[in-house]
Peer 1: 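Here it is, the structure, as C-alpha cells.
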Amino acid sequence: MLRRRLNRLFGGDEGRVHSRTIYVGHKSCPPNEAYIPPKFCDNRIVSSKYTVWNFLPKNLFEQFRRIANFYFLIIFLVQVIVDTPTSPVTSGLPLFFVITVTAVKQGYEDWLRHKADREVNEYRVSVLEDGRRIRKMSAKIKVGDIVEVEEDETFPCDLILLQSSRDDGTCFVTTASLDGESNHKTHYTVADLESDLQYLSATIECEQPQPDLYKFVGRMHIYRNSQEPDVRSLGPENLLLKGANLKNTQKICGVAVYTGMETKMALNYQGKSQKRSAVEKSINAFLLVYLFILVSKALVCTTLKYVWQSKHDETWYNEKTQKEKETNQYLKMFTDFLSFMVLFNFIIPVSMYVTVEMQKFLGSFFITWDKDFFDPEIQEGALVNTSDLNEELGQVEYIFTDKTGTLTQNNMEFIECCIDGFQYKHGDGSSELDGFCVTDGPVNKIQQKAGREREELFLRALCLCHTVQVKESTKQRQDQIDQIDQIDQIDQVDGLGLDHEFLDPPQKEMGFIASSPDEIALVKGAMRYGFTFLGLESKNMKILNRNKDVETYELLHVLNFDPVRRRMSVMVKSKTGDILLFCKGADSSIFPQVRQEEVERIRMHVERNATEGYRTLCVAYKHLSAQEYARADADLREARLTLQDREEKLMAVYNRVETDMILIGATAVEDQLQDEAAQTMEALQGAGMKIWVLTGDKMETAKSTCYACGLFKKNTELLELTLRTLEDGGRSREERLHDLLLEYHKKAVQDAPPVKLGITRSWSVAGQDYGFIIDGASLSMVLSSSSEPNSRRYKNLFLQICQNCTSVLCCRMAPLQKAQIVKLVKNSKGNPITLSIGDGANDVSMILEAHVGIGIKGKEGRQAVKNSDYAIPKLKHLKKLLLAHGHLYYVRIAHLVQYFFYKNLCFILPQFLYQFFCGYSQQPLYDAAYLTMYNICFTSMPILAYSLLEQHICIEVLLEHSTLYRDIAKNAMLRWKLFLYWTALGIFHGLVFFFGVRFLFSNPALQDNGQVFGNWSYGTIVFTVLVFTVTLKLALDTRHWTWINHFVIWGSLAFYVFFSFFWGGIIWPFLKHQRLYFVFANMLSSVSAWLVIILLILLSLLPEILLVVLRKPRGPHARQKKSSAGDPQSPQSSARPLLTRTFSDESNTVI
Amino acid sequence: MMASSYKDEDGHITVSGSGAAAGGGGGSLRNKKPENTAFKQQRLPAWQPILTAGTVLPAFFIIGLMFIPIGIGLYVTSNNIKEFEVDYTGAEMSSPCFTCSQNFSWNSTKPCTCSVPFHLDQPYESNVFMYYGLSNFYQNHRRYVKSRDDSQLNGNEESLRKPSKECEPYAKQGNKPIAPCGAIANSMFNDSLELIYNDPNGSKVQIPLTATGIAWWTDKHVKFRNPGAENTNLTVAFQGTTRPVNWRRPVFQLDSDPDNNGFINEDFIVWMRTAALPTFRKLYRIIQRRSNVHPTLPCGNYTLEVVYNYPVRSFEGRKRMILSTISWMGGKNPFLGIAYISVGSVCFLLGVLLLIIHHKFGNRNNPAEISH
C-alpha cells in the first residue's frame, strides 16, 4: 500500500503532463506525423504483494516492523549471542510460531490474490487488429487496442465506446463491482464514427488516470481524408470502466484508454488507513509499565549481583570459566543485564499479541454470523471490513449519523404538491376524475384550483425534468406501449378520462432507475396524476399524457444536478418547436432564480411541508427563444469540450441559463423513517451516547426528522446557530455569531447544573434538555473565523455547547464539513470515541474520519459500505451491534488484556524472587519447556475461549437495558485503577507461590522415604501451583460456561499434567540436560507437595472469592424479579425508571 | 484484496483491511443467510454460575472446617518427627573439628579426623535418616547448575571422552577428559561420617549405616549409567579419563560394591541433584530399624566420627549432620501444619464475619442500592 502511495507521489512528474494521447488502433494519425508509440503500462493487474522470490525477505521485513515482533527478535538475538540463562529456543519458538502463522496466512491470502490476478490476466479477450479479430490474453491489451466485448462480459480495461450493436449507439452496463449500484447505466458511443473501425483513424486526448469513477474528460480527433480533424468531446458517458459488465447489448467495440494498474478500478483500490482502538492504546501504555518493571527488575538484579559478588568471591567449588575471567568487567555487567532481561522477558508476552489478534479475527465472525443482522430484503447480513475495532464498538460516546438513508429509509413517496399556491394532495384516487384533490390552499381560494394549463405544465415538468431511466429491454417496452395503446383505445371508446387502476399493470412492471430516489418519487407522482414517462429513445422523451396521447419531446440538454447549485434542469424541444427549460431544485436555490412575484405564495407551502418532515422541491420553467437557445447551446458545447476546469465552466454556463425562470409549484415527498429508528436512537441515548445528525438536507426537514426520531423532544430547548439567526438583529454576522455563542454557552454550559460523575448522573437530573442546530455556513464561520484567537475560542465555545446538548443537528453540511465536525469532536478534550454511520458517498469522509465507521447497505450505492469498518443492512441493527456485540467484545478483550499481564506477572515474579536465593546468577526457576509452553499451551486456550464466548450479561438483558453500556464507558475496564488491582493480584500470587514453596523447602526431605528434592522440583511445584491458579482464576471470572469453556479449562489442566508426565518420563536424546527427568512424578508421590499445592491455590484465590462476597448481593434472581415486575408501559415511558432500577442490579455483574 | 471483486458473482467488492478481516468479510457474502446454530448466534447452552454470598459463604466454612483438622494433623505429625542436628563445621575454637578445619589443605595426604560427641534425649524408634547439611553453599548458582554432562552420566561413551562444554572449567585436565566432568561432580561432598553409640556399659557400638536407597530410584536405574557394557570392569570402562580435580579417588573407586560404584554411586547421585536453596540437606545414610524390641537409636551418648575432607570455611559455610525420622509427609517441617491451621481459621473467621455482615446488612441492601 505504502509502495503504491509512494509511486503515486513520485510519479508526480509524469502527472504534470495533464493529458495523454492515444492512437486508436495504433495508427499514426494524421499519417504524415511520426508515430511514436507512447509508453503506457500493460493491462496486467497486480494486486498481489509478493512473488515467490521476494516473499520471505519482504514478509519478514514487514513483520519485524511491528514493534512487538522486533522486541522479541532482539530478545532472541541476545539469547543467541550472549550466554543467557534460557536457551534461545524459549523465545525463538514462540516467535517462530507467530511469524510462521502470520506468514502462512499472508502467503495464503497473497496466493489467492495471485490466483485471482491470473484469472483476470489470462482471461481471453477479442482484439481487433487490422480488421481481424484476435484472441489474446487480457494482460496483453495495450492502450490503443480496439477491444470487443460481448454481452455479460466484463470490460478488461477502461474503454472508450466506439461501436455498439444497438441501433441507437448506446449500451447498458452495470457497475455493481465498482460502486455497488446494480442498476443499468447507459453509455453512448462517440457520435458519427465510421461503421468499419478498421478504417477509423483517430486520436484520443484525455486526462491522466485518476480515481474518480464519475469523472472523465477527453477529446477525440477523427481524421478523415486529411481534412481538419473532427473533434468530439468525451465524457464519463463514453467511458466503460474495467470491472463493469455489459448488459442488454450484444457486443460493443471500444478502444482501451487506461489499462492495468491505471484503470479507475485499480486506482480506486486503496487501503484505508489503519485505525487503532482505544484498547490497543491501553495495551501499549501497560506495556510501557511492564517494560519499566522488566528493566528495573533487571537493573536491581544486576546491581545486587555485583554487590553480592564483592562479598562472595569465586568459591572453590564453582570457579569461573576461562572466558568469563577474561571478559571485560563492564562488558560483563552489560551482558549480565541483558541476561536478566532475557530471564524476565516473559513478563511481556509475545503470545498476547497472537491471542489478541486471534480473538479479534475470530470474534468478528460472530458479527457476520449474527442472523439478527440479516436483512431479508437485500439478502445480506452484516459485513466486517476490519476486525481491529470490535471492542471500540463498546466505547462509543458520540454517534454522527447521516439523515437520508440512515435515519430515513431513502424511500421517497410523493405526498402532495403545490401548483401556483394551490395545494394538491393525492386522494384515494377515485374522488375526482383527474386524481387531484384540492385539500387546502390559500385561505381566500378554498376549493379553487389552479388553471388546468398550469397543472399540466407542472406535471409535464415533473415528467421531463429528471434523469430517470425506464428499466426494461426495448422489446418489453414496445409491448408495453402496445398495451397502453390498447388502453388508450378503450378509454377513447368510453370517452372517459383515465382511471388509475387501469394504469396499474404497466406501472408495476415499469421500474425506474435514477440517481436519487426522490426523482423516481416525482415521476411516479406525476404518473398517478396522469402523466406517465415512457422513457427516452434516442434523445426523445416520451410522455403519455392524461388524454392517453404520447407526447414526444426532444431532449436537448441535461444540466446535471450538483450539490453546489442544488438544482437540475433539462432543455427540451416540443413537437411544436418550443424550446423549454424545466428546472427543479431546493427552494433556496430556485427562489433567487425566478421572478419574485410567485415566490411568496409557494414559500409558505414549502416551509410548512418542511416542518412536517417532507422533502420539498420547487419546479420552475422558462421559455427559450431560438437565439437564447442557440447561445446556450454553443456555450454548453464549448464548456463540455474543455479539458481543464470543465466543471467550473459548465457551472458558469448553467448558472447563466437558469435565470429568470417562472416558478410553477413545489412538491413534497415524504422520506420515511427507518424501521425502529426512534427506538434505536432512544436506546443509544440511554446508553449515554450523544447523537449528532449531520446532513446535507435543509434545516426544517432535518429538524422534523430529529423530532420524529425522538432526538429532539417536546421539552427540548433548541439553540439555533444558522444563517437565519445570524442575520437577525441587523448587525454583522461576525458580531452576531460572537453574541449567540456566548449566550448559548451561558445557557447550556454555565447555568446547567454541574455534572458529577459524567454522564451517569446528568441523565437522571431532570434539567433542561438542549438541542443545538447549526448549519454549514455558520459552521464554517465558527471554524474559520478571521482572527486566530477568536477562531480557537469559538471552536471551544461551540464544542462546549454541543457537549452539553442532548442532541446536535448539523444541516446543510458538505461532506467535508461532516468530516471536520467529526475531527473536531474526536480531538476535543478527553478524546471521546466517535462513530459515524452513513449510507452514501457523501458520508465516506466522515466514516473514514471517525474512530469507527459504519456503512449502511442502503440504496445510495456501495461507497459507504466499501469504506466502512462495519456494514449493516439497517439502522436498527446498530443497537445490537453496539449494545450487545460492542459491549461484550470490550469486556472480553479488556479482561483478556488484564489477565494476560496478570498471568505473566505472577509467572515471572517467582523467577525474580529466586534470584535472591541463587546468588543473582540468572538461574531460571522453571525448566525451559515450561517457560516456553506456559503462554503457548498451558494457559492460552482458556483465555481465548473466554474472550470469544464470555457473556457476563446475556445479550437480551444488554439489549433491554441500554444503561448497562455506561458501565464500560470511557475504557472503564482498562483504567489504571483496575490495572493496579490486577498487578497487585499478580504480585500477591507471585509472592504466595514463591514463598509458600520456599517455606516448604526449608526441609527438602519431602518424600516418605527420606529422599530430598532439588531445585527443579522446587520450580515444578511453583509452576504447578501457578498453572492451576491462573486457570482457576479465569474459571472464577467466567460467567458463561459453555461446553467449550469446560473443555478448554479442564483440558488445559489435564494437558499440563499429561505433558509434565510425558516430558519427565523420557530421557530426551536431543536435550543436554535431563533436568525434569521424573521430577513431576516424584513430586506427585510426595504428600507434602500435594498439600502445599492445594493450600497455595486456595490461598491465592481466597481474596477473589472474598471480593465476590463483599460486593453487594446480585444475580439473576434480583434481575428476574425486577423485570417481571416491570411496568407494562411503552418502552419510552418506562425507560427512565428502568434505568435507575436496573443499573445497580446489573452493574455488579460486570465486575 | 482487489482481486476478490472478480470472483464475486454478486459484484460486491470486499474491501478488507490488510489485517485479519479478509476471511470474515468474504465468508459472510458467500453463504448469505447466516446459519442459525447455537454457536454462531452465541446462544450455546451455558451454565451461568453466580457467585453470591449465599454460595460462597458455605465454601468458607467448608474450607475452614477441612483445613483446620488437616492442619492440626500435619502439625502433630511434624511435631512427632524427631530430629537432631550436630554442627561440626569447626569454625569455633571449642569445636572438636577446629583443627581439621583450620589445617585443611587439598594436598594433604593424611586425612584429618575429628569426633563430635552428642547426646540423644529420646530414643528414635523407626528408621532413622542421616542427612548432611550445608549452608551458604550455592548449589543453585547458574554456572554450577549447568556444569554437568547428563549424557556422560548416562554412560555415553562419546561424552565420556569428550565432555560437554558446559563442564568448563572442569571438563579436561591436561589432555584427559574428566569423568565425571563439571563443577557439581568436582565439588562432591566427601566427608565420611560414622556414628558410634557409647553404651552406658562402656562399650562403643558402631551404628550400621545403609548407603543404598538414598537416591531417586529412576536416577539410580535410568538417568545414571556407567559407561561400557554390563559387568565390564569399571577401571577399564573409565580408562583414558581422569578423576575430578578435587577428588581423592577416581570415580570407579567410590565404593567396593559394583552396584554402587562409578556413576551409579548413590552418594554421587544424591549430590548431583542440585539443591534449591543455599542452605540444604542431603540424605547421607539410612539407619535401618533392626528389631522390634530395641529402638533404632536408643537415647544416650553418641560420637560422630568425621573424616574431615570438605572445606567450607573459605565461603563461610556450615556443615551439619542431621538425624531425623520420617513420616508420611517427609521430614520435620511445621510450616504446612501452621499454614493449614491459619488459612483454615482465617476462612472460618471470615465466614462467620461475612455471615454476620450479610445477615445484618443484606436485607437493607436493596433500598441502599438505588441511590448508588
Side-chain angles (χ1 to χ4, degrees), chain A residues 47 85 113 116-117 120 176-177 269 315 317-319 321 361 364-366 368-369 371 374 379 381 383-388 866 917-919 921-923 999 1001 1003 1005-1008 1010-1012 1014-1015 1018 1039-1042 1073-1074 1077-1078 1087-1088 1091 1095 1099 1105 1108-1109 1112-1113 1115 1144, chain B residues 2-3 5-7 11 13 15-22 24-25 28 32-34 36 40 42 44 46-48 50-53 56 129 138 140-142 144-145 150 168-169 183 187 218 223 273-277 282-283 314-315 326 328-331 333 335-336 339 343 354 365 369 372:
Chain A
S47 65
R113 279 191 287 260
D117 283 355
V120 171
S177 59
Y269 165 63
T315 47
Y317 59 83
N318 188 15
E319 281 170 15
T321 56
F361 174 60
S364 59
F365 279 104
F366 283 118
T368 53
W369 283 337
K371 70 173 164 53
F374 182 75
Q379 288 289 310
L383 177 73
V384 179
N385 285 334
T386 169
S387 59
D388 291 340
K866 270 164 67 179
F917 296 89
C918 70
S921 61
Q922 300 129 21
Q923 171 62 23
F999 288 122
F1001 265 68
N1003 182 352
L1006 290 170
Q1007 280 182 287
D1008 56 0
Q1011 291 170 0
V1012 294
N1015 64 325
Y1018 189 112
R1039 289 276 160 281
H1040 192 79
W1041 286 82
T1042 63
H1073 294 282
Q1074 310 295 337
Y1077 186 68
F1078 261 77
V1087 183
S1088 293
L1091 287 172
L1095 174 82
L1099 183 60
I1105 304 170
V1108 169
V1109 187
K1112 291 182 189 93
S1144 46
Chain B
M2 178 166 69
S5 58
Y6 301 117
K7 299 181 296 178
I13 291 192
V15 177
S16 42
S18 58
S28 76
K32 306 223 113 186
K33 172 119 188 163
N36 189 7
K40 290 189 173 180
Q42 304 195 67
L44 279 178
W47 172 56
Q48 288 171 309
I50 307 284
L51 288 176
T52 58
V56 170
F129 294 78
Y138 284 84
N140 56 8
H141 196 279
R142 183 161 73 93
Y144 187 83
V145 171
D150 276 345
E168 291 289 349
S187 60
T218 46
K223 194 173 167 184
R273 183 153 292 280
T274 47
L277 300 166
K282 279 179 191 289
L283 189 53
S314 62
F315 53 88
I326 286 291
W328 50 270
M329 59 169 279
N333 191 354
F335 163 73
L336 264 184
V343 171
L354 289 172
N365 253 332
E369 268 175 54
H372 153 76

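The figures that follow rest on heavy atoms only: side chains count, while hydrogens, waters and symmetry mates do not. We name chains A, B, ... by the order of the sequence lines, and we start the count at 1 in each one.
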Peer 1: Select one option (side chain, backbone, both, neither) describing which atoms of Tyr144(B) are under 4.5 Å from chain A's heavy atoms.
Peer 2: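 Contact with chain A involves both backbone and side-chain atoms of Tyr144(B).
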
Peer 1: Given side chains that start at C-beta, do those of Asn333(B) and Phe999(A) come closer than 4.5 Å, heavy atoms only?
Peer 2: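 Heavy-atom side-chain distance check fails, nothing below 4.5 Å.
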
Peer 1: Top residue by heavy-atom pair count (under 4.5 Å) with chain B, among Asn1003(A), Leu1099(A), Ile1105(A), Val1012(A)?
Peer 2: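 Counting heavy-atom pairs under 4.5 Å, the top option is Asn1003(A).
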
Peer 1: For the CZ atom of Phe917(A) and the CZ atom of Phe1001(A), what is their distance to the nearest 0.5 Å?
Peer 2: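 One finds 13.0 Å between CZ of Phe917(A) and CZ of Phe1001(A).
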
Peer 1: Contact part of Thr321(A) toward chain B, heavy-atom cut-off under 4.5 Å: side chain, backbone, both or neither?
Peer 2: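 Answer is both: backbone and side chain atoms of Thr321(A) are under 4.5 Å from chain B.
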
Peer 1: Donor-acceptor pair, distance only, cut-off 3.5 Å: does the side chain of Asn140(B) make one with the backbone of Gln923(A)?
Peer 2: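 Side chain of Asn140(B) to backbone of Gln923(A): no pair is present.
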
Peer 1: Taking His141(B), Lys223(B), Glu168(B) one by one, which has the highest count of heavy-atom pairs under 4.5 Å against chain A?
Peer 2: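 When all of His141(B), Lys223(B), Glu168(B) are compared, His141(B) has the most.
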
Peer 1: With a 4.5 angstrom heavy-atom cut-off, which part of Thr218(B) approaches chain A: side chain, backbone, both or neither?
Peer 2: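 Contact with chain A is through both the backbone and side chain of Thr218(B).
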
Peer 1: To the nearest 0.5 Å, tell me how far Leu1006(A) CG sits from Gln1011(A) CD.
Peer 2: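 Here the interatomic distance stands at 11.5 Å.
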
Peer 1: Under 4.5 Å heavy-atom distance to chain A, tell me which part of Phe335(B) shows up: side chain, backbone, both or neither.
Peer 2: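 Looking at Phe335(B), just its side chain touches chain A.
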
Peer 1: Pick one of side chain, backbone, both or neither for Leu1095(A), based on which atoms fall under 4.5 Å of a heavy atom in chain B.
Peer 2: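 Both the backbone and the side chain of Leu1095(A) come within 4.5 Å of chain B.
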
Peer 1: Below 30° counts as parallel, above 60° as perpendicular, anything between as tilted: where do the rings of Trp1041(A) and Trp47(B) land?
Peer 2: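 Correct class here is tilted.
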
Peer 1: Do side-chain atoms of Tyr317(A) reach the backbone of Tyr138(B) as a donor and acceptor pair under 3.5 angstrom?
Peer 2: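 At least one qualifying donor-acceptor pair exists.
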
Peer 1: Name the region of Leu354(B), side chain, backbone, both or neither, that has any atom closer than 4.5 Å to a heavy atom of chain A.
Peer 2: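 Leu354(B) touches chain A through side-chain heavy atoms alone.
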
Peer 1: Output the distance between atom CD (Gln42(B)) and atom CH2 (Trp369(A)), rounded to the nearest 0.5 Å.
Peer 2: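 If I round to the nearest 0.5 Å, the distance is 9.5 Å.
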
Peer 1: With chain B, which of Cys918(A), Gly919(A), Ala1005(A) has the greatest number of heavy-atom pairs at distances under 4.5 Å?
Peer 2: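 Max contact count across the listed options: Cys918(A).
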
Peer 1: Against chain A, label Ala339(B) side chain, backbone, both or neither, depending on which of its atoms sit under 4.5 Å from a heavy atom there.
Peer 2: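 Both parts, backbone and side chain.
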
